Amino acid sequence: MDLTYTAVEDAFRLEARVWLEANVPRERWPSGDTAEGFALHRTWEKRLFEARWSAVSWPKKYGGREASLIEWLVFEEEYYRAGAPQRIAQNGIFLLAPTLFDFGTEEQKDRILPRMAAADDVWAQGWSEPNAGSDLAGIQSRALRDDVRGGWRLSGQKAWCTRGAFCEWMFGLFRSDATAERHRGLTYFLVPLHGRGVTVRPVGRLDGDAGFADVFLDDVFVPDRDVLGKAHEGWSVAMTTASSERGLTLRSPGRFVASAQRLVELHNRVASVGDVDPAARDAVVRAWMDAEAYRLYTLQTVAKIASGGAIGPEASVNKVFWSEMDVRLHEAAMRLLGDRAELTEGAHEAVDGGAWAKAFQFSLAGPIYAGTNEIQRNVIAERVLGLPR
Ligand SMILES: Cc1cc2nc3c(=O)[nH]c(=O)nc-3n(C[C@H](O)[C@H](O)[C@H](O)COP(=O)(O)OP(=O)(O)OC[C@H]3O[C@@H](n4cnc5c(N)ncnc54)[C@H](O)[C@@H]3O)c2cc1C
């Protein structure tokens with residue numbers, strides 16, 4: 001394939017770079033997974049929206065720029081290169097929105113997408129339950145039909161909802177037909193988190209941020225207009241969301257290319273004042289090469305989509321690769337930092353404000369969220385390689 005960018009793509013990159021250089025906040029913000037940080041990051045999302053950078057690939061009428069997938073990748077490269085803030089709106093913009101484009105009605109898209117792009121409504125994901133994580137089809141939260149009011153009554157518990165304590169809405173699956181087979185009889189709902197009967201309880205993470213929530217639903221009424229796709233056919237709708245998450249939109253290469261570049265800079269700073277363990281230097285080289293390999297692999301995926309193909313079960317290969325690369329990259333940083341690696345945010349001599357320790361801790365979650373890597377390996381074995389169950 002031809003890896004040179006067109007003049008239009010180069011101009012797009014330049015426009016993004018200039019805007020980001022002028023607008024990215026210089027100071028380090030508190031994590032978007034805290035109440036204070038979330039509020040600050042929402043102001044950033046609004047600034048992105050006003051300049052039409054919040055959802056570049058969307059149609060213009062919803063606040064996007066109708067950017068191609070390549071342009072989207074370019075924007076992401078520039079975004080992470082500039083060290084711009086964490087995207088607290090990502091679950092809506094990168095996961096729910098592609099599903100809405102495939103399954104939503106015009107009314108749903110018109111109502112939901114502009115408010116999502118402007119971060120007026122920030123969305124949480126509600127898949128996992130206490131007894132349904134890897135085994136998602138084991139969902140027990142239920143939806144009972146309410147013909148009188150024209151909708152459904154939801155009850156049950158959703159767990160590990162990222163930033164759920166601060167979001168306005170949640171999307172998720174509920175069991176709408178208790179008699180159907182496990183993967184059937186599920187419906188995809190859009191649920192207001194401030195509605196009657198909803199209790200949102202923040203759950204602290206290992207790093208102290210209240211980044212998760214348990215969401216309890218007690219006979220919560222949801223009208224038919226907030227069902228995405230057909231009733232009882234939510235599994236295939238949800239798989240569209242999961243495939244976006246694993247395959248392309250959740251972790252673009254720009255994020256890892258920028259981290260690998262910062263790792264190289266960290267190496268050079270450490271090497272300028274002392275010896276670097278050769279094994280640590282090898283780890284830095286590998287991290288840089290892995291990020292570059294991921295960038296090229298993603299271009300291959302995008303080329304495939306552009307020529308009419310789709311992302312299939314090989315999305316699982318992608319997810320295993322980026323999550324394990326991210327752990328190795330941050331382990332390399334920990335090795336370089338030596339006895340200062342453990343200094344977290346706020347510690348007196350923490351390098352780069354403790355950002356490396358924070359990112360290392362978060363990288364450890366990568367092999368778990370978006371479907372654990374053990375599950376991805378099962379998918380690769382059975383559905384990509386055709387091995388027996
Ligand atoms: C940072 C983070 C953010 C998250 N955000 C969200 C969110 O926003 N919304 C949401 O709904 N969920 C979220 N989750 C939850 C996540 O989706 C689940 O943790 C994940 O699906 C695993 O489910 P579980 O925790 O119930 O573990 P389990 O499914 O109980 O798995 C436990 C262990 O057993 C292994 N295992 C299970 N079944 C098999 C099998 N068949 N073969 C081999 N190994 C197996 C797993 O790989 C794992 O190691 C998040 C998790 C993290 C860490």
Side-chain angles (χ1 to χ4, degrees), residues 31-34 38 86-96 99 122-141 154 156-175 182-183 186 188-191 193 198 200-217 234-235 237-239 241-246 249-251 255 313 315-316 319-320 322-324 326-327 330 358-383 387-389:
S31 157
D33 291 22
T34 61
F38 188 87
Q86 170 193 359
R87 295 295 308 269
I88 53 141
Q90 70 173 24
N91 284 346
I93 290 175
F94 296 133
L95 304 181
L96 175 58
T99 318
V122 183
W123 289 77
Q125 295 195 87
W127 310 124
S128 308
E129 298 182 0
N131 292 311
S134 300
D135 182 21
L136 192 59
I139 280 175
Q140 290 168 355
S141 291
L154 310 186
Q157 179 187 353
K158 294 291 176 180
W160 309 121
C161 302
T162 295
R163 292 181 287 280
F166 319 120
C167 292
E168 281 77 26
W169 284 82
M170 177 180 84
F171 52 93
L173 279 183
F174 292 76
R175 190 157 295 288
R182 279 158 39 91
H183 294 78
L186 293 165
Y188 196 123
F189 285 99
L190 310 174
V191 187
L193 287 176
V198 183
V200 177
R201 193 175 297 162
V203 176
R205 281 193 328 208
L206 203 60
D207 64 2
D209 296 354
F212 290 124
D214 274 330
V215 177
F216 300 88
L217 302 110
W235 183 260
V237 185
M239 287 308 104
T241 310
S243 151
S244 296
E245 184 170 34
R246 286 166 202 160
T249 56
L250 183 69
R251 293 288 179 250
R255 176 186 178 111
S316 294
K319 200 265 150 164
V320 169
W322 66 246
S323 56
E324 295 187 350
D326 202 34
V327 174
H330 287 94
K358 183 94 178 167
F360 170 65
Q361 286 173 348
F362 189 68
S363 75
L364 298 178
I368 303 172
Y369 65 81
T372 70
N373 284 11
E374 290 78 15
I375 295 298
Q376 305 312 319
R377 287 192 157 88
N378 284 348
V379 173
I380 294 164
E382 291 165 22
R383 295 184 48 209
L387 299 177
R389 277 176 72 82

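We use all heavy atoms of the structure for the numbers below, so side chains are in, but hydrogens, waters and symmetry mates are not. Keep in mind it's a predicted model, so treat the numbers as computed, not measured. Atoms within a ligand are numbered from 1 in the order they appear, just like the ligands themselves.
Electrostatic pairing of D326 and R251 does not count as a salt bridge here, judged by no charged N lying under 4.0 Å from a carboxylate O. With respect to D33 and R163, a salt bridge is recorded, a charged nitrogen being found less than 4.0 Å from a carboxylate O.
Atom 46 (C) of ligand 1 has its nearest heavy-atom neighbour, among T372, V215, N131, in T372. Counting heavy atoms only, I375 comes closest to atom 45 (C) of ligand 1 of the residues T162, D33, I375. With distances taken over non-hydrogen atoms, the option nearest atom 11 (O) of ligand 1 out of A124, C161, A132, S128 is S128.
In this model, no donor atom of one side chain and acceptor atom of the other lie less than 3.5 Å apart for Y369 and T162. Side-chain contact, D209 with S31: a donor N or O sits under 3.5 Å from an acceptor N or O.
In L136, neither the side chain nor the backbone holds a heavy atom less than 4.0 Å from any atom of ligand 1.
The shortest N or O to N or O distance between N91 and ligand 1 is not under 3.5 Å. Remark: ligand 1 and Y369 share no N or O pair separated by less than 3.5 Å (distance only, no angle test). At under 3.5 Å, not a single nitrogen or oxygen of E129, backbone or side chain, sits near a nitrogen or oxygen of ligand 1.
The closest protein non-hydrogen atom to atom 24 (P) of ligand 1 is G133 CA, 4.0 Å. Ranking the protein heavy atoms by distance from atom 42 (N) of ligand 1 puts N378 ND2, 3.1 Å first. Nearest non-hydrogen protein atom to atom 25 (O) of ligand 1 is W160 NE1, 4.3 Å. The nearest protein atom to atom 20 (C) of ligand 1, hydrogens excluded, is given as I368 O, 3.8 Å; this is a heavy-atom distance. The shortest contact between atom 30 (O) of ligand 1 and any protein heavy atom is with S134 OG, 5.0 Å. With hydrogens left out, the protein atom closest to atom 44 (N) of ligand 1 is E374 CB, 3.5 Å, a heavy atom. Closest protein heavy atom to atom 9 (N) of ligand 1: Q125 O, 3.0 Å.
Checked against a 6.0 Å centroid threshold, the rings of F171 and W127 count as neighbours.
Of all non-hydrogen atoms in V327 and S363, the two that sit nearest each other are CG2-O, 3.4 Å. When all heavy atoms are compared, the tightest approach of N91 to W123 is CB-O, 3.5 Å.
Contact annotation for atom 7 (C) of ligand 1: protein present (non-hydrogen atoms, distance under 4.0 Å). There is a protein heavy atom less than 4.0 angstrom from atom 28 (P) of ligand 1. For atom 22 (C) of ligand 1, the nearest protein heavy atom lies closer than 4.0 Å.
Relative ring orientation between W160 and F212 is described as perpendicular, the plane-to-plane angle rising above 60° on a 0-90° scale split at 30° and 60°. Classification of the F189-F174 ring pair by plane angle, with boundaries at 30° and 60°, yields perpendicular.
In this structure the side chain of L206 never reaches within 4.5 angstrom of the side chain of Q361, judged on heavy atoms.
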